[in-house]
Amino acid sequence: MPDSFHVGIIRFPGTNCDLDTWEALSLVPGLLPRWVGHRERSLEGLDAIILPGGFSYGDYLRTGIIAARSPVMEAVGTFAEKGLPVLGICNGFQILAEAGLLPGTLLQNSGRTFLCRDEGLSVEQTRTPFTLFFSPGARIRLPIAHQEGRFYADGDLLLELETKGQILCRYQDNPNGSLRDIAGITNAQGNVAGLMPHPERRMVGEGAAAHGRLFFQSLAAWLAGEREASPLTFSSSILDRS
Amino acid sequence: MADIPASRFRIPPQEMERIVALLGRVPNITEEAVFSALWSEHCSYKSSRIHLRNFSSKGPRVLMGPGENAGVVRVTSRLGIAFKMESHNHPSYIEPFQGAATGVGGILRDIFAMGARPVALANSLVMGYLRQPRQMTLFRNVVAGIGAYGNAIGVPTVGGEIWFDERYAKNILVNAFAVGVVPDDAIMSAIPPDKPLLAVYLGNKTGRDGVSGAAMASRSFSGEESDLRPQVQVADPFVGKKVMEATLSIIRRGLAGAIQDMGAAGLTSSSVEMADKAGKGIEIDVLTVPLRDSTMEPWEILLSESQERMLLLVEEKNVAAILDLAHESQVAAAVIGRIIPEPVFRVKKGEALYGEVPVACLTRDAPLYDRPRKARTSGSSAPGHPHPSSSGSHSIADLFLRILEHPNGGSADWIYRQFDHEVGTRTILGPGHDVAIVDLREEDRAIAIALAGFSHPVSRDPERGGALLVAKTVTDLAAVGAWPVGLTDCLNFGNPERPETMNDFVMAVAGVAGAARRLDIPVVSGNVSFYNETDGVSIPPTPILATCGVLASPRTAPPGSVGEEGLHLALAGAVSDLSLGGSMLDWLLPELEAEPVPVIDWETLSRLQPFLSALVSSRRLRGSRAVGRGGLLRTLLSLVAPHRDMGVHLRLPALDNPLGTFFSEAPGRIVLAYRPEEETAVRETASEFGIPVLFLGQTALHRFFLHYRDREKKDKEIRLPLSAIAKKYLTALTGQMETLP
């Protein structure tokens, strides 16, 4: 078992949370960030993949649509099929949905404007590589920053997501009109996750200022072989106090 | 000599005469186009230049001053910050989304042209009342346009200001500020080295957008603005990001000799200005310029203001590396000309000569006007809003409510929630405060940014008002313990050919320059926007300032809001002159007897920063906020309003001047919030630094209560329903945006 794991950060032209994500990973013992260009066709030697936020290829068309068809995404598809962890944050979530690696789609916010602010979230599915460190129902705060974050899926799919436990987290005070207050989901296998909020922006400090760190610490633990919630799990009561 | 023809580019007849005299002949269309751009007010500063000499850009920290793309000031032993503010008023009125977005793009290019990586944006907006659908459209789209550029390129918008005033309805102001970080050994310049150099074009292809934009921004509107839409540029933040990364790589690898962005007057101004600084000439072959439309005439290519373009002067040995890098980044690049020994600007299309003008004729020989001035007779023009129905006696509570109900008195959350203010994760204190803090990270330092653009004090008294704005930014910086290191300004005025406007301008410059000199703050960059005038009516004089400061201990900077009960509240700073002149209350209630603009207590002001710095580094404060717009009561409300149910319980001594105490906006006063056990330490520190401190009361749940004694020693109590006033404050603007069509 290696001491540290290599996490690929995919950079499309127009990605702009790449450096923030690099910095965030560097703060977590056990994780080593690596750049992955949009023209790469192999993800050899990587243990997990993160698609950071931004405006891939400018996103003048539907968000994520060009990125979803770039060479590296084929490799990400193969990587995901192997059951390895893949996380899309904000624009990364949009790209994964557009590429069919996550169910549903992300539409323009119901208020039709970009929204950047802190949101209360409750974490639901905690048996994923990114949420191992939470207890179900844990309440956290993370910032959002997007214009197309309204999760949409038809009734059947929504029911499926609910029954199969694919809902990663929900907004406490729905900012964008997402169906069922969905802020993050996973695929059926649970190894591919999408999050509209930005955990990489809450890495340092006390209380809510470091809530994002738990997602990356979870990943480090998961890669090290942990599969069950550890005694270190952060419950909602602990988080609420902060 | 032949008759002097009328200009095809709206060059005034007397300037056409001057051109013909300088050249000894009539210019051809290409040459005339070049003159129209470089002699425009926007590029030549012909009405303002002699007065701008008043500003001092000197100081031990100044690494680059005026004349460069942006000023650079040293902030640590090895880092500088490059910053500048620019107006994009005229384009934003014609096409608000693109006008505002290109304003952001343009200011960012000025920053990265210096080799600095942009780390923060801010903006100052002035609009008419939103009850008119046209203003609503302008406002929504200006905000969306600013967000569209900054959010996409990935530079956080950390602060800003908004002011609604009917006098700006036909000349809205959109001023954008940017700051970047640069190691001091990697600063780029627009002044070329004395070597043979080629001109390399980098960025977006050139199209017909924005042709003659600089000339447009150099005259008044007169009801034919719909024809001007092609003179507004179109933003492409995606290409902008690629150009930014490519430019920063080129600078880091030392491949360029000089760089200037193609902003106003595009290729013409960038090439002529750099050649002028080298004391040489430049030759451009328009056939080699990357074009979107091959049918463009040479003069159109020269005047195009297509966005996301840079001009680099490069030694021949480095050209191939730059072209490779551009290809890799998928950005257009081409060698389009070269520096030549003869000091002329030569335009060719292949072998054909299209124009040749001595560089000096375009720069040093450009007109310079000392325009006539005349002081206004009756102070200012009346503020443009409906007069209150009931005048006469106002209770403190009524006046406070009036301020809160006005969109100018409410929270600006509706605006800044549309801006990504955290990307880059350097933002320590974001929008919603009068000061923003951005982490430098590389060192244990942070920079603070404070903007001031409230025109009312300047309308009342241009010189004192200008000084007041400087003092306001310095107070805002002091509130987080930051000391000022440099100032940039955007001087928005009406038609300089009107003696009253010119007088306002000269006096305001004197006020700003005098205050900056007094506080030893260098004015390192700036911009003048004249002709903010429509149908003969000019805007009020509106200098907008941004002062940058440095904090020694960023991690202990106090927040601008507090959610803790029982904190002590105190007012630190100068209380000698609490006049209401120029305040929001003065603006709101013109029937109030006119009071003078407050005189600044410079002595106390300069001691505030070290005082706060001492409190901040010893972690004594839980929150702090400079007394700003609306005065003390609004400042207290904004300190607690973001936290539900939190209010204040104030117990004040006898007040000689309750109106002034509660509503004056005299700078130099800061509200402090700290735990009761710090009371002694705060008082001791205050006496050590000679800062007067007035105990106000405490934070308290569910109430907004104040008690004081008036001049006759009578007890006065004011109780306001906390949840109602907090809601008013939080929704004054948001509510309007969500209910009006």
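Each chain gets a letter, A, B and so on, in the order its sequence line appears, and its residues count up from 1. Only this structure's heavy atoms are used, side chains among them; waters, hydrogens and symmetry mates stay out. A quick note: this is a predicted structure, and the numbers were derived from the prediction, not measured.
Across Gln147(A), Arg202(A), Met203(A), the residue that shares the most heavy-atom pairs under 4.5 angstrom with chain B is Arg202(A). Per-residue heavy-atom pair counts under 4.5 Å with chain A were compared for Gly240(B), Gly154(B), Ser329(B), and the maximum is reached by Gly154(B).
Heavy-atom distances place no part of Asn109(A) under 4.5 Å from chain B, backbone and side chain included. Contact of Arg39(A) with chain B is made through the side chain alone, with heavy-atom distances under 4.5 Å. Heavy atoms of Glu23(A) lying under 4.5 Å from chain B belong exclusively to its side chain. Within the 4.5 angstrom heavy-atom criterion, no atom of Glu245(B) approaches chain A. No part of Ala144(B) comes within reach of chain A, as not one of its non-hydrogen atoms sits under 4.5 angstrom from that chain.
Of all residues in residues 420-427 of chain B, those placing a non-hydrogen atom less than 4.5 angstrom from a non-hydrogen atom of chain A are Asp420(B), His421(B), Glu422(B), Val423(B), Gly424(B), Thr425(B). Of residues 55-74 of chain A, those residues with a non-hydrogen atom less than 4.5 Å from any non-hydrogen atom of chain B are, in numerical order, Phe55(A), Tyr57(A), Gly58(A), Tyr60(A).
One distance of note links OG1 of Thr113(A) with CD of Gln418(B); it measures 4.0 Å at 0.5 Å rounding.
Atom CZ of Arg112(A) is surrounded by 12 or fewer heavy atoms from other residues, nucleotides or ligands within 6.0 Å.
In summary, Glu206(A) and Arg555(B) do not engage in a salt bridge, as defined by a charged side-chain N under 4.0 Å from a carboxylate O.
Side-chain contact between Cys116(A) and Phe419(B): absent, with no pair of heavy atoms (C-beta onward) separated by less than 4.5 Å.
Shown here for Asn151(B) and Asn16(A), the closest heavy-atom pair between the two residues is O-ND2, 3.0 Å.
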